[in-house]
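So the structure is just underneath, and the comments pick up after that.
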Amino acid sequence: MKIEQILKQHISKAFQTLFDNELRVDEISLQPTRKEFAGTYTLVCFPFGKISKKNPEETAKIIGEHLEQSTAEVKGYNVVKGFLNLEIADNEWVNVIRTISNQIDFGQLPESGKEVMVEYSSPNTNKPLHLGHLRNNFLGYSIAEIMKANGHKVHKVQIINDRGIHICKSMLAWKRYGNGETPESSGKKGDKLVGDYYVKFDQEYKKEIAELVEKGLSKDDAEKKAPIILEAQEMLLKWEQKEPEVYSLWKKMNGWVYDGFGATYMQMGVDFDKLYYESNTYLLGKDVVEQGLKKEVFFKKEDGSVWVDLTDDGLDEKLLLRADGTSVYMTQDIGTAIERFKDFPKLSQQIYTVGNEQEYHFKVLFLILKKLGYSWAEENYHLSYGMVDLPSGKMKSREGTVVDADDLMKEMLDTSAAHTKELGKIEGFSEKEANELYETLGLGALKYFLLKVDPKKRMLFDPQESIQFHGNTGPFIQYSHARISAILRKAKELGFEPKKEHFDSVTVLAPTEVGVIYLLSEFENKIKEAGREYSPSIIAQYIYDLAKEYNRFYQEVSIFNEEDEDKLHFRIAFSKSVALAIKKGMSLLGIRVPERM
RNA sequence: GCACUCGUAGUUCAACUGGAUAGAAUACCGGAUUUCGGCUCCGGGGGUUGAGGGUUCGAAUCCUUCCGAGUGCACCA
């Protein structure tokens with residue numbers, strides 16, 4: 001059992017004995033003791049005044065004294081104001097390492113029986129992926145990994161926005177101005193090529209509008225009557241009727257985009273278990289709306305359009321079906337959500353990784369699903385994240401200030417390659433190994449930088465700072481791991497395989513050792529917390545603290561110069577546990593760690 | 001206009017969900033180590049937590065009023 005749990009039980013019992021009071025274990029909260037005081041766990045005693053009928057300081061003393069006398073775990077205590085700081089016996093910490101060394105997969109919680117779906121990425125096929133998508137993808141992937149570590153079964157999915165007027169725009173522009181250009185003929189990545197024609201459409205559209213305005217039309221009229229937009233609308237109708245020529249062009253161009261995106265996802269190191277295509281799902285939801293009408297959850301207006309009234313819940317009325325019977329975004333999302341629970345009947349939760357500008361949309365969506373009587377609706381979660389700003393300000397595609405995902409990743413790889421070569425520590429690496437390392441480092445830096453910030457918060461992406469290899473960065477942690485790996489390699493060469501039966505004589509630890517072991521004992525708590533809060537940043541912060549604390553130990557305590565062989569064995573086992581925690585923690589962020597760098 | 005989110009060292013981020021003298025990183029200044037691995041470690045300065053008021057033994061955190069930033073309020077997706 002965990003030290004923290006044992007302590008809580010002791011405290012509960014102490015309350016029984018000392019004050020004849022029932023204090024449940026789950027009512028007790030222990031917090032880490034601040035660095036400047038002795039001890040590891042702190043019990044805040046201010047609230048107990050009523051129970052003990054004494055002031056907080058005396059209360060703390062009584063409890064501390066009792067725990068020190070009656071338990072093996074508490075070796076000492078001190079009281080500052082109403083704070084009771086408890087010092088734990090060193091052999092308890094040794095035990096923690098013994099337990100971890102015995103564990104097969106440290107950092108993996110037992111199966112929960114819960115099954116969750118994580119949706120992320122879901123791009124528009126007209127626009128190549130950019131920095132904002134990177135935050136989305138890394139977040140979604142990481143949350144999926146964190147859910148797995150919490151013992152849940154996970155399905156990673158995305159919905160691909162592959163139909164609608166915007167798709168017809170790029171198709172039309174390609175048809176008009178493309179001269180048969182293909183990714184092969186131009187050497188462009190498929191998604192970039194299609195994106196270019198989307199931009200081209202917009203340019204031509206604006207030209208036509210300007211011409212019409214010159215001829216005396218109002219701007220609104222011009223926007224509606226420009227030939228190019230009329231043609232695009234016609235194309236959409238043809239697409240819906242699956243007219244062969246339009247349909248095959250659609251398939252061809254989408255194919256290019258998927259190839260392009262595929263390459264980008266590969267580079268990012270993210271993947272999906274199942275893809276949903278809007279072209280398959282856009283008709284879903286209509287029958288649900290019909291059912292909702294019958295149940296009088298929704299209502300019809302005079303013109304025949306269908307609405308839901310959410311004013312009682314502090315929201316607005318929301319349109320679900322147009323007067324002509326066609327559906328809107330919300331309708332599709334309702335249908336898709338229900339479809340997914342049909343696809344995976346044991347699903348208990350969906351997590352949608354979507355930017356915070358859609359918070360209102362998801363609030364409405366979940367509320368509608370709840371009103372329709374779906375019990376899982378309340379479990380659904382919008383993993384909302386803030387925008388990524390650049391030092392120059394907001395990213396705006398119109399002003400060309402967008403940071404392209406492919407370009408950025410390439411830059412990170414180049415920088416890490418240059419940096420690594422400069423250090424000259426990788427002699428003996430094959431070219432393939434070296435390239436893998438650059439990728440591990442470059443992407444690690446990028447992912448860590450984007451994930452260390454609380455997802456809810458808007459963040460600033462500074463390209464200069466993100467490529468740094470020291471401070472609170474991915475490479476710093478990767479470096480710490482590589483160094484421990486070096487220690488373990490050396491230990492093996494010298495024949496010091498950690499043997500847990502040797503630990504028994506180790507009874508006195510250095511303060512830095514206790515610091516590190518305390519953090520190790522918190523690993524699983526952090527995984528739970530990250531899952532509960534949907535926040536990879538908790539893991540990122542934790543691993544950084546762990547790496548830093550280990551470095552402190554490393555500086556202070558020598559491993560191989562230690563004469564006591566049991567201590568030496570202990571420190572190797574202890575280092576191994578730290579390496580494991582770093583590796584596992586980083587994998588929860590989708591970041592690999594090298595053995596050498 | 002209405003709704004939601006946010007405001008913390010020069011800068012980028014934390015703060016265990018109401019706990020101690022608000023912590024890291026970065027940059028700057030000073031020192032240690034020169035090895036198991038160089039990107040390591042230690043110390044220093046730097047804060048009226050946007051401003052005021054309230055609740056509390058105790059507030060960056062909760063309530064309230066201002067000020068400032070952002071997002072949303074489509075028969076677009």
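Worth saying up front: this structure is predicted, and the values here are computed from it rather than measured. Below, chains carry the letters A, B, ... as their sequence lines are ordered, and counting in each starts from 1.
Spacing between atom CG of A:Asn356 and atom P of B:rU5 amounts to 11 Å, rounded to whole angstrom units. Between A:Tyr360 atom OH and B:rA74 atom C1' there is a gap of 12 Å when expressed in whole angstrom units. Taking atom CZ on A:Phe48 and atom P on B:rC57, their separation rounds to 17 Å, with Å as the unit. Between the P atom of B:rG72 and the OH atom of A:Tyr329 lies a distance of 13 Å, rounded to the nearest Å. Atom pair A:Met330:CE and B:rC73:P shows a separation of 11 Å (rounding to whole Å applied). Between the P atom of B:rA69 and the CD atom of A:Glu357 lies a distance of 20 Å, rounded to the nearest Å. Atom pair A:Gln478:CD and B:rU40:P shows a separation of 14 Å (rounding to whole Å applied). Atom pair A:Leu451:CG and B:rA14:C1' shows a separation of 16 Å (rounding to whole Å applied).
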Side chains of residues 28-35 of chain A: which donor-acceptor pairs under 3.5 Å do they make with residues two or more places apart or in other chains?
| residue | atom | partner | partner atom | Å |
| --- | --- | --- | --- | --- |
| A:Thr33 | OG1 | A:Thr40 | O | 3.2 |
| A:Thr33 | OG1 | A:Tyr41 | N | 3.3 |
| A:Thr33 | OG1 | A:Tyr41 | O | 3.3 |
| A:Thr33 | OG1 | A:Thr42 | OG1 | 2.7 |
| A:Arg34 | NE | A:Glu36 | OE2 | 3.3 |

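Shown here is A:Lys8, whose NZ atom has more than 12 heavy atoms of other residues, nucleotides or ligands within 6.0 Å. Counting heavy-atom neighbours within 6.0 Å of A:Lys301 NZ, excluding the residue itself, gives a total above 12.
Counting only Watson-Crick and G-U wobble pairs whose two distances sit under 3.5 Å, RNA chain B takes part in these stems of three or more pairs: B:1-7 with B:67-73, B:10-13 with B:23-26, B:28-32 with B:40-44, B:50-54 with B:62-66.
One C1' atom belongs to B:rC57, the other to B:rG18, and the distance between them is 12 Å to the nearest Å. Nucleotides B:rU65 and B:rA27 place their C1' atoms 38 Å apart, quoted to the nearest Å. Using atom P as the reference point in both B:rC6 and B:rA14, the two lie 12 Å apart (nearest Å). For the C1' atoms, the distance linking B:rG23 with B:rC63 amounts to 27 Å, nearest Å. On the C1' atoms, B:rA24 is 16 Å away from B:rG43, given to the nearest whole Å. Nucleotides B:rU12 and B:rG52, compared at atom P, are 23 Å apart to the nearest Å. Rounded to whole Å, the P atom of B:rA22 lies 27 Å from the corresponding atom of B:rU64. With both ends at atom P, the span from B:rA59 to B:rG72 equals 37 Å, rounded to whole Å.
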Under 3.5 Å, which N/O atoms of the protein pair with N/O atoms of nucleotides 15-24 of chain B?
| residue | atom | partner | partner atom | Å |
| --- | --- | --- | --- | --- |
| B:rU17 | O4 | A:Glu533 | OE1 | 3.1 |
| B:rU17 | O4 | A:Glu533 | OE2 | 2.9 |
| B:rA20 | OP2 | A:Arg34 | NH1 | 3.1 |
| B:rA20 | N6 | A:Thr42 | OG1 | 2.9 |
| B:rA20 | N6 | A:Asn85 | OD1 | 3.1 |
| B:rA20 | N1 | A:Asn85 | OD1 | 3.3 |
| B:rA20 | N1 | A:Asn85 | ND2 | 3.4 |
| B:rU21 | OP1 | A:Lys81 | NZ | 2.7 |
| B:rG23 | OP1 | A:Arg34 | NH2 | 2.7 |
| B:rA24 | O3' | A:Lys548 | NZ | 3.4 |
| B:rA24 | O2' | A:Lys548 | NZ | 3.4 |

Pick out the pairs of N or O atoms, protein on one side and nucleotides 35-37 of chain B on the other, that lie under 3.5 Å.
| residue | atom | partner | partner atom | Å |
| --- | --- | --- | --- | --- |
| B:rC36 | N4 | A:Tyr554 | O | 3.1 |
| B:rG37 | O2' | A:Arg483 | NE | 3.3 |
| B:rG37 | O6 | A:Arg489 | NH2 | 3.4 |
| B:rG37 | N1 | A:Met597 | O | 3.3 |
| B:rG37 | N2 | A:Met597 | O | 2.8 |

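B:rU17 has its base syn relative to the sugar, with a glycosidic angle deviating from 0 by at most 90°.
Taking the six-membered ring for Trp and the full ring otherwise, A:Phe83 and A:Phe37 have centroids separated by 6.0 Å or more.
Looking at residues two or more places apart in sequence or on another chain, you find a side chain to side chain donor-acceptor pair (under 3.5 Å) between A:Ser122 and A:Glu119. For A:Glu549, the side chain to side chain donor-acceptor pair (under 3.5 Å) test picks out A:Arg552, with sequence neighbours left out. A search for ring pair (Phe, Tyr, Trp, His ring centres under 6.0 Å) contacts involving A:His166 returns nothing, not counting sequence neighbours. Applying the side chain to side chain donor-acceptor pair (under 3.5 Å) test to A:Gln555 and every residue at least two apart in sequence or in another chain returns nothing. In terms of the salt bridge (charged side-chain N to carboxylate O under 4.0 Å, His left out) criterion, A:Glu302 has no residue partners (sequence neighbours excluded). For the side chain to side chain donor-acceptor pair (under 3.5 Å) test, no residue two or more places apart in sequence or in another chain qualifies with A:Thr331. Scored by the salt bridge (charged side-chain N to carboxylate O under 4.0 Å, His left out) test, A:Glu234 finds A:Lys238 as partners (sequence neighbours excluded). Evaluation of the salt bridge (charged side-chain N to carboxylate O under 4.0 Å, His left out) rule for A:Glu339 yields no partner, not counting sequence neighbours.
When heavy atoms are screened at a 4.0 angstrom cut-off, A:Glu278 is found touching the sugar-phosphate backbone but no base atom.
Across B:rC75, B:rC4, B:rU12, the shortest atom-to-atom separation from the side chain of A:Glu465 is found for B:rU12.
Toward the 5' end of RNA chain B, the nearer of the two residues A:Gly471 and A:Arg322, judged by each one's closest nucleotide, is A:Gly471. Remark on RNA chain B: of its neighbouring residues A:Glu359 and A:Asp324, the 5'-side contact belongs to A:Glu359, judged by nearest-heavy-atom nucleotide.
Here A:His470 reaches the OP1 or OP2 of B:rA27: one of its side-chain N or O atoms lies under 4.0 Å away.
A donor and an acceptor atom, one from each side chain of A:Arg483 and A:Asn551, are located under 3.5 Å apart.
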